[in-house]
Participant: 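Just dropping this structure here.
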Amino acid sequence: MVSRHPGPASVTIPGTIRAAIVVQARAEDPNESCGLIIGDRSAADGGAALRYEPLRNLAASPYLYEIHPDDLYRLTIGTDEADEVFWGIVHSHTHTPARPSPTDIHQAFYPDALYILVSLDPSEADPSDGNESLRAWRIIDGDVHEVEVARG
C-alpha cells in the first residue's frame with residue numbers, strides 16, 4: 001500500500017543552485033556526484049533552498065554515491081550552528097533517469113529532506129529546453145513521492 005503524499009507538492013530550486021548541481025555532475029562524470037542543498041527550514045515546512053554545497057563522493061563510482069563522512073560532519077555542525085537544515089540531498093545518475101534506485105531508497109536516512117536527482121542521460125533531457133532532467137523526491141520509510149520542481 002502506498003502512503004498519502006507527505007508534501008510538499010512542489011518546490012522552487014533557484015537557478016544558481018540548479019546550475020551548480022549540473023556543473024558538478026558534469027565535472028565528476030563518469031562518477032556520480034553528490035552534495036547538499038542547505039535551507040532555512042525543511043521543504044515540507046515551507047522552507048527555502050539557500051545554497052548548494054558540493055561534496056565528495058567517497059565511493060567514486062558511476063553506480064552509487066556515499067557522502068564523504070568528513071564533509072557530512074562539517075556541514076552537520078555548520079548547519080546546526082546556523083540554525084539551518086539539510087533541505088535537499090543531491091546526487092547524479094550518469095546514465096539512468098533521475099529517479100531513486102533501490103539503493104537510493106534503502107539509503108534514504110533523512111525523511112525530512114528532499115532527495116534531488118539529476119540525470120546526465122541525454123535521452124532524459126527536458127524536451128522544452130534540452131536541460132538535464134532534475135527531479136525531487138520525498139522518501140519516507142521506503143515510500144517514494146515525487147515533488148514537482150519549479151525553476152526559480
Side-chain angles (χ1 to χ4, degrees), residues 6 8-44 47-79 82 84-140 142-152:
S10 66
V11 294
T12 299
I13 297 179
T16 55
I17 292 175
R18 184 184 180 100
I21 291 168
V22 171
V23 165
Q24 181 193 15
R26 288 179 183 158
E28 296 193 21
D29 189 30
N31 292 330
E32 289 190 1
S33 63
C34 59
L36 294 172
I37 297 174
I38 306 302
D40 59 353
R41 289 174 290 142
S42 73
L50 301 174
R51 68 183 178 282
Y52 179 65
E53 297 281 347
L55 304 175
R56 296 174 286 172
N57 179 358
L58 185 63
S61 166
Y63 306 108
L64 62 104
Y65 77 102
E66 180 182 349
I67 294 174
H68 195 289
D70 293 344
D71 296 348
L72 184 59
Y73 177 76
R74 175 181 51 82
L75 281 171
T76 299
I77 298 300
T79 55
E84 297 172 330
V85 300
F86 293 168
W87 188 90
I89 299 168
V90 178
H91 77 281
S92 64
H93 283 179
T94 59
H95 296 90
T96 57
R99 287 187 206 101
S101 69
T103 300
D104 296 337
I105 295 166
H106 179 71
Q107 295 180 344
F109 302 122
Y110 294 85
D112 291 334
L114 297 178
Y115 285 83
I116 313 294
L117 285 90
V118 60
S119 175
L120 298 180
D121 183 344
S123 70
E124 292 293 315
D126 185 328
S128 67
D129 59 16
N131 287 326
E132 285 78 5
S133 171
L134 188 137
R135 297 169 72 184
W137 309 85
R138 284 285 304 276
I139 304 173
I140 302 172
D143 287 335
V144 179
H145 308 272
E146 187 161 15
V147 176
E148 181 184 342
V149 177
R151 294 175 191 247

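What you see is a predicted model, and the numbers here were worked out from it, not measured in a lab. We're numbering straight along the sequence, starting at 1.
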Participant: Starting at CD1 of I139, measure out to CZ of F109 and round the result to the nearest 0.5 Å.
Facilitator: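 I139 atom CD1 to F109 atom CZ measures 11.0 Å (nearest 0.5 Å).
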Participant: Do P6 and H145 come close enough that some side-chain heavy atom pair is under 4.5 Å?
Facilitator: yes
Participant: Going through the distances and angles, do H68 and L58 end up as a side-chain contact (heavy atoms from CB on, under 4.5 Å)?
Facilitator: CA-CA 5 Å; H68 195 289; L58 185 63; 3.6 Å; yes
Participant: Determine whether V85 and D112 make a side-chain contact, defined as any pair of heavy atoms from C-beta on separated by less than 4.5 Å.
Facilitator: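 V85 does not reach D112 side chain to side chain.
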Participant: Would you mind listing every salt bridge (Lys or Arg N to Asp or Glu O under 4.0 Å) that reaches into residues 113-126, with sequence neighbours excluded?
Facilitator: D126-R151
Participant: Mind checking what makes salt bridge (Lys or Arg N to Asp or Glu O under 4.0 Å) contact with E53, not counting sequence neighbours?
Facilitator: R51
Participant: Looking at CZ of R56 and CG of D71, how far apart are the two atoms once the value is rounded to the nearest 0.5 Å?
Facilitator: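 Those atoms lie 4.0 Å apart.
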Participant: What are the two closest non-hydrogen atoms of I105 and P100, and how far apart are they?
Facilitator: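 Scanning both residues, the minimum pair turns out to be CG1-CB, 3.8 Å.
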Participant: Which atom names give the shortest non-hydrogen contact between A98 and L117, and what distance separates them?
Facilitator: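 The pair with the smallest heavy-atom distance is CB-O, 3.4 Å.
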Participant: If you take all heavy atoms of I116 and G88, which pair is closest and at what distance?
Facilitator: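 It is CG1-CA, 4.3 Å.
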Participant: Of all the heavy-atom pairs spanning S119 and T96, show the shortest one and how long it is.
Facilitator: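 Nearest heavy atoms, S119 then T96: OG-O, 2.7 Å.
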Participant: Say you draw a straight line from OG1 of T12 to CD of E148; how long is it, rounded to the nearest 0.5 Å?
Facilitator: 9.0 Å
Participant: Side-chain donor-acceptor pairs under 3.5 Å in residues 15-27, sequence neighbours left out?
Facilitator:
| residue | atom | partner | partner atom | Å |
| --- | --- | --- | --- | --- |
| R18 | NH2 | E132 | O | 3.2 |
| Q24 | OE1 | Y52 | OH | 2.4 |
| Q24 | NE2 | E28 | OE2 | 3.0 |
| Q24 | NE2 | C34 | O | 3.0 |
| Q24 | NE2 | L55 | O | 3.2 |
| R26 | NE | E132 | OE2 | 3.0 |
| R26 | NH2 | E132 | OE1 | 3.2 |
| R26 | NH2 | E132 | OE2 | 2.6 |

Participant: Could you check whether any side-chain heavy atom of L36 comes within less than 4.5 Å of a side-chain heavy atom of T79, counting everything from C-beta outward?
Facilitator: no
Participant: Of the non-hydrogen atoms in S92 and N31, which two are nearest, and what is the gap between them?
Facilitator: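 Minimum heavy-atom contact is OG-O, 4.2 Å.
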Participant: Nearest 0.5 angstrom please: E66 CD to T103 OG1, how far?
Facilitator: 12.0 Å
Participant: Quick check for you: to the nearest 0.5 Å, what is the distance between L134 atom CG and I13 atom CD1?
Facilitator: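 Rounded to the nearest 0.5 Å, the CG-CD1 separation comes to 5.0 Å.
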Participant: Looking only at heavy atoms, what is the nearest atom pair of Q107 and Y115, with distance?
Facilitator: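 Smallest heavy-atom distance, with atoms named: O-OH, 4.5 Å.
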Participant: Measuring from D70:CG to L75:CG, what's the distance to the nearest 0.5 Å?
Facilitator: 11.5 Å
Participant: Taking ring-ring contact (aromatic ring centres under 6.0 Å, His included) as the test, write out the residues that go with Y110, two or more places apart.
Facilitator: F86
Participant: Any non-hydrogen side-chain atom of V144 less than 4.5 Å from a side-chain atom of R99?
Facilitator: no
Participant: D104: what forms a side-chain hydrogen bond (donor to acceptor under 3.5 Å, both in side chains) with it, not counting sequence neighbours?
Facilitator: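 In terms of side-chain hydrogen bond (donor to acceptor under 3.5 Å, both in side chains), with neighbours along the sequence ignored, D104 is linked to H91, H93, S101.
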Participant: Does any part of the side chain of L50, heavy atoms only, come nearer than 4.5 Å to the side chain of W87, both counted from C-beta?
Facilitator: no
Participant: Can you list the residues that meet the salt bridge (Lys or Arg N to Asp or Glu O under 4.0 Å) rule with R138, with sequence neighbours excluded?
Facilitator: none
